[in-house]
Amino acid sequence: MIPIAKPYLTEEEAQAAYDTILSGWITQGPKVKEFEELFAGYTGAKYAIAVSNCTTALHLSMIVSGIGPGDEVICPSMSYIATANSIKYVGAIPVFAEVQPLNYNLDPEDVEKRITTKTKAILLVHQIGMPADIDAFKKLCDKYDLKLIEDAACAAGSAYKGKKIGSHSELVCFSFHPRKVISTGDGGMITTNRKDYYNRLKLLRQHGMSVNDRVRHVSDKVIFEDHLEVGYNYRMTDIQAAVGIKQLEKLDWIVEERRKIGAIYNEAFKNIEFINLPIEKEGYFSNNQSYSVYLKESCPIDRNDLMQKLLDEGIATRRGIMTTHRETAYKKIQKDINLPVSEDLQDRSIILPLYVPMKDFEIKYIIRSFIELIQPANVGMESHY
Ligand SMILES: *Cc1c(COP(=O)(O)O)cnc(C)c1O
């Protein structure tokens, strides 16, 4: 059975977790601080704040951006549901905009049409690791005086115009869930260049506490903490951070390996006329968090049929990225939403397995099965791979 994804974890990560457990400090402490400094250095951002996951990273980003009840935030419906949920958490309204068919990312023209006097921010997703056009959205935000928040849950290791994701705007949120490119079990990170955001985010993730445990622990003076505002417990543990430090060391290598596999798929499928493959334009660098193929109308096999037949052959796939407005939780509260491009992409796309390390015979088997099922007349063309 070939799974859709696998985290790349080694003895090194296991040893780091083991050592941390026996160090006597297991929740947010020195390892979290080290992971944050390394992550900020990696992305080129001034500051990084580790949190429990990307959903809580997004929630805190909404709060520090001053978004509250009645405000509108424009985001894609085509994203993991946590994107829109983070807007709901602060009482604001997610306004869903369309994505572009060839990269699954927000369409700046469609976003501009949806800006109203209530719009406070754009929540930009770098879907399946492919960067969105950040500059286009920065321009819109400047023009209409909006905040830009990046949902980079899938995009650790991706880059836009020569700079790593995490360094382009005021608030960028990452995930370390096992389905992403590097993992700490669960976990998240916010990068920012703003000192005021950095200070407030540190308070909010730990109950609004004025002095954290690590600082009190190393102080030679008695310190009493105060709780400056109503905060949350959104901490990352030191056990997770120790694993994260080891994962971060491997990130660029993992991304290179993922890109090699993506390139093999692209080469193998490039002559099939009724599918669209991922397109990486000049200036865009994807970490290939997922490999998604779009089946055009002319495709002789139905998407769901193809998924079942691949599963019968021992190959797990996933349907296209979800659309939030078609989930029950959102159908109940936001009616009459019409997003034909997003719906079509969800219905006609299929995500193929991609993980590190992937064996040559696995890649060949997936390619052969996919081509045979989708294009029975051309069996034999896979022999080059
Ligand atoms: C995975 C994901 C999230 C949620 O990340 P968690 O760390 O699981 O909270 C949010 N947004 C997008 C686009 C995602 O893919």
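None of these values were measured; they are calculated from a predicted model. Numbering starts at 1 and runs along the sequence shown. When a ligand or atom number is given, it counts from 1 through the structure's own listing order.
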Nearest non-hydrogen protein atom to atom 5 (O) of ligand 1, with distance, is Cys54 CB, 3.3 Å
How about Gln308 and Asn304: does a side-chain donor come under 3.5 Å of a side-chain acceptor?
-> no
Query - Contact (N/O only, under 3.5 Å) between Asp151 and ligand 1 - result: yes
Practice item. Over 60° means perpendicular and under 30° means parallel, so classify the ring planes of Tyr8 and Trp253, tilted if in between. Key: tilted
Practice item. For the residue pair Phe39 and Phe174, categorise the inter-ring angle as parallel (less than 30°), tilted (30 to 60°) or perpendicular (more than 60°). Key: perpendicular
ask   = When you check the side-chain N and O atoms of Arg179 and Ser290, is any donor under 3.5 Å from an acceptor?
value = yes
Across all chains, not counting sequence neighbours, the ring-ring contact (aromatic ring centres under 6.0 Å, His included) partners of His168 are Tyr160
- Task: For Gln334 and His325, test the side chains for any donor-to-acceptor distance below 3.5 angstrom and give the result as yes or no.
- Result: no
Here the atoms of ligand 1 under 4.0 Å from any heavy atom belonging to Val125 are 13 (C)
Within the 4.0 Å heavy-atom cut-off, what Thr55 brings close to ligand 1 is both
query: Has ligand 1 got any nitrogen or oxygen that is less than 3.5 angstrom from a nitrogen or oxygen of Gln127?
result: no
Without hydrogens or angle criteria, can the side chains of Glu225 and Ser210 be said to hold a donor-acceptor pair below 3.5 Å? no
for atom 7 (O) of ligand 1, nearest protein heavy atom and its distance come out as Ser175 OG, 2.7 Å
Ligand 1 to Ser79, heavy atom cutoff 4.0 Å, flagged ligand atoms 13 (C)
For Ile351, the hydrophobic cluster (side chain heavy atoms closer than 4.5 Å, chained through members) also holds Ile4
In ligand 1, the atoms that come under 4.0 Å of a heavy atom of Cys154 are 15 (O)
Contact (N/O only, under 3.5 Å) between Asp186 and ligand 1
no
Closest to atom 2 (C) of ligand 1 by heavy-atom distance, out of His59, His177, Lys180, is Lys180
For Thr83, the atoms of ligand 1 under 4.0 Å from one of its heavy atoms are 11 (N), 13 (C)
With heavy atoms and a 4.0 Å threshold, my read on which part of Arg179 contacts ligand 1 is neither
In this structure, atom 12 (C) of ligand 1 is nearest to the protein heavy atom Ala153 CB, 3.4 Å
*Does an N or O from Ala82, backbone or side chain, lie closer than 3.5 Å to an N or O of ligand 1?*
no
**Asked** Between the side chains of Thr119 and Tyr144, does any donor sit under 3.5 Å from an acceptor?
**Response** no
